Amino acid sequence: MPDSPTSPPSPYLALLGRAFIRVGLVVGAGLIVGAIFHHPAFGGLIALLVFVCLQLRQLVRLRAWLLAPKRYFLPDATGIWGEVFDLLIDLQRKNRKRKKRLALMLAEFQASTAALPDGAVVLGDRGEISWFNTAARRLLGLRAPQDLGIRIPNLIRHPSFTEFFERGVFEQETEAPSPISRKRLLSLRIIPYGNDQKLLIVRDVSERRQLEAARRDFVANASHELRTPLTVLRGYLDLMDMEAQGSGPLATWHAPVVEMRNQALRMEALVNDMLKLARLEADRASMRDELLQAPMLIGRAVEEARAVSKAQHRFEQNIDSAPLLIGGETEFYSIIINLLTNAVRYTPAGGVIRVSWERLDDGGAQFSVADTGIGIASDDIPRLTERFYRVDVGRSRASGGTGLGLSIVKHALEAFDSRLEIDSEPGVGSTFFCRFPQHRVQLAPQEPVAAGADRSAPAASGQREPH
């Protein structure tokens, strides 16, 4: 778009105009000198050639300086070349300042990362090591420059980390023993960033895991030791309850005896749940993988939950008989029975509890329990799986809850490489989802259709109990 008549000329046009004026002056001077010797054209041509040679000389100097700026210096010049040389020197000075500033920032970054207690390893797109700090050298035994360029799975040779790295899903972290000491347990987390680069964060969790193991052992031992006195106490309370019936000798103590017996039963349930939770935490890695008849186990748990409900709730079932589960029966039954009894406790009489077991499009399976209970506020949902956390403390205690049911569900699901998801709205109800991955699901073989049977009728994928 051409410049408007009122707009100032651009710097490009101004420089071009000055260059043409200078060339004109040189050629004019040559014409004048040539006219003195009666050859003006020859004089103008000689002047133009000299001018071009001078320009080529400055261009050669500029190229030599660009190739080796520390060896050659830009000469002092006038005109356009002088302006170009001054601008280049000014640009070089700014680049040096910027380079010093970047070098200072890099030095500060390396000093700060070197002071971190956690290891940091910069990885390329294929997992090759580009840089690591002092903590990574100590935790992983890395050496510079020998290990630079080597893929990190070749140095951390552990199945859990290899599978974690090759899967390429870095939302969570994994744990593996240190390559230099099998007694040291490391937490490994990968953070993708930039252009297919990754940052590996390494943390020593050996002491924390030892403390957790000590806590589990203490809880398990204390709970186990409490079972004997509780059994004795409950036995005597049962005898006293019989003597307090009707007009027995302890009739006046009927209410206190009943209350003590109920509290003893609650304490026994709490001890049993604590032992179960400690066992799940300790034996999570050693769970036996068995082919479980999941639909049959779910049906058995529904019948047990129906007995707990005492006909106060309506149960609806949608059970797909095709997907079976690979894992431990004790762990899976703990998941379904705790979710069902939790729904019974927090659903008022007359409410509906819906149980579902179905296949997913990705090859996995999903177990869900939906109720029409009191619901859960969004602020409480992240804390539901904490030990002894209750949304409604009074209601949970009155119904015999221990506050450990959902914590047991969480740890049991971890053994199945799964997790608990909760969707709830206060006053409407809650739905608890357990999604099992594809490698934990196996489809049951289809039974052959008997001769003469109606092949056009679709197979029932579930059952729904009437009110």
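We're numbering straight along the sequence, starting at 1. These numbers were taken from a predicted model, which means no experiment stands behind them.
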**Asked** Knowing that exactly one of Leu199, Asp196, Leu200 qualifies, which makes a side-chain contact (heavy atoms from CB on, under 4.5 Å) with Leu123?
**Response**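 Output: one option passes, namely Leu200.
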**Prompt:** Given Phe132, which of Leu140, Leu139, Leu148, Val122 fulfils the side-chain contact (heavy atoms from CB on, under 4.5 Å) condition?
**Reply:**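 It is Leu148, the one option of Leu140, Leu139, Leu148, Val122 that forms the side-chain contact (heavy atoms from CB on, under 4.5 Å) with Phe132.
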**Request:** Please report the C-alpha distance between Ile337 and Glu304 in whole Å, then the side-chain angles of each, then the deciding distance to 0.1 Å, and finally whether the side-chain contact (heavy atoms from CB on, under 4.5 Å) criterion is met.
**Result:** CA-CA 8 Å; Ile337 194 60; Glu304 185 175 340; 3.7 Å; yes
Indicate the atoms forming the closest heavy-atom contact of [X] with [Y], along with that distance.
| X | Y | result |
| --- | --- | --- |
| Val352 | Thr372 | N-OG1, 3.0 Å |
| Arg137 | Arg143 | NH1-CA, 4.5 Å |
| Trp357 | Pro323 | NE1-O, 3.0 Å |
| Gly328 | Leu292 | O-CD1, 3.6 Å |
| Tyr346 | Pro348 | O-CD, 3.9 Å |
| Lys198 | Asp125 | NZ-O, 3.3 Å |

Is [X] reaching over with its side chain to a backbone N or O of [Y], donor-acceptor style, under 3.5 angstrom?
| X | Y | value |
| --- | --- | --- |
| Arg440 | Ile326 | yes |
| Asn133 | Ala120 | yes |
| Asp371 | Ser430 | yes |
| Thr347 | Val344 | no |
| Gln312 | Lys310 | no |
| Arg208 | Val205 | no |
| Ser424 | Ile376 | yes |
| Ser334 | Thr330 | yes |
| Ser309 | His313 | yes |

Are there over 12 heavy-atom neighbours, none belonging to [X], within less than 6.0 Å of that residue's [atom1]?
| X | atom1 | answer |
| --- | --- | --- |
| Gln146 | CD | yes |
| Arg419 | CZ | no |
| Met296 | CE | yes |

4.5 Å side-chain heavy-atom contact, [X] and [Y]:
| X | Y | result |
| --- | --- | --- |
| His254 | Asp241 | yes |
| Phe436 | Leu325 | yes |
| Arg314 | Glu316 | yes |
| Leu88 | Trp65 | yes |
| Thr431 | Val369 | no |
| Phe416 | Ile335 | yes |
| Arg359 | Leu443 | yes |
| Leu339 | Cys434 | yes |

**Message:** Working note: Asn318 + Val355, criterion side-chain contact (heavy atoms from CB on, under 4.5 Å); need CA distance, chi angles, decisive distance, verdict.
**Reply:** CA-CA 6 Å; Asn318 180 24; Val355 184; over 6 Å; no
**Asked** Parallel, tilted or perpendicular: which fits the ring planes of Phe164 and Phe161, with parallel below 30° and perpendicular above 60°?
**Response**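 It falls in the tilted class, 30° to 60°.
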**Prompt:** Quick one: does NZ or CZ of Arg167 land under 6.0 Å from the six-membered ring centre of Phe165, within 45 degrees of the ring axis?
**Reply:**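 No, Arg167 does not sit over the ring of Phe165.
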**Message:** Apply side-chain contact (heavy atoms from CB on, under 4.5 Å) to residues Leu324 and Gln293 and explain how you reach the verdict.
**Reply:** CA-CA 6 Å; Leu324 306 181; Gln293 298 294 329; 3.5 Å; yes
Measure the spacing between [atom1] of [X] and [atom2] of [Y] and express it to the nearest 0.5 Å.
| X | Y | atom1 | atom2 | value |
| --- | --- | --- | --- | --- |
| Lys97 | Arg93 | NZ | CZ | 7.0 Å |
| Ile353 | Leu340 | CD1 | CG | 7.0 Å |
| Ser181 | Asp204 | OG | CG | 9.0 Å |
| Ile408 | Glu331 | CD1 | CD | 11.5 Å |

For residues 185-194, tabulate all N or O donor-acceptor pairs below 3.5 Å that involve a side-chain atom, not counting sequence neighbours.
residue, atom, partner, partner atom, Å
Ser187, OG, Glu173, OE1, 3.4
Ser187, OG, Glu173, OE2, 3.2

**Request:** Could you check Asp417 against His439 for side-chain hydrogen bond (donor to acceptor under 3.5 Å, both in side chains), going step by step and ending with a plain yes or no?
**Result:** CA-CA 9 Å; Asp417 305 317; His439 65 275; 2.9 Å; yes
**Lys/Arg N to Asp/Glu carboxylate O, Glu421 vs Arg435, below 4.0 Å** =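 Judged by the 4.0 Å cut-off on N to carboxylate O distance, Glu421 and Arg435 do form a salt bridge.
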**Message:** Taking the basic N atoms (NZ, or NE/NH1/NH2) and the acidic carboxylate oxygens, is any pair closer than 4.0 Å for Arg300 and Glu303?
**Reply:**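 Salt bridge: no.
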**Prompt:** Step by step, would you call Lys94 with Asp90 a side-chain contact (heavy atoms from CB on, under 4.5 Å)?
**Reply:** CA-CA 6 Å; Lys94 291 180 179 179; Asp90 185 60; 3.3 Å; yes
**Asked** Quick check, are the ring centers of Phe367 and Phe432 under 6.0 angstrom apart?
**Response** no
**Request:** For side-chain hydrogen bond (donor to acceptor under 3.5 Å, both in side chains), just list the numbers for Arg98 and Asn95, CA-CA rounded to whole Å, side-chain angles, deciding distance to a tenth of an Å, and then say yes or no.
**Result:** CA-CA 5 Å; Arg98 188 180 297 111; Asn95 287 335; 2.7 Å; yes
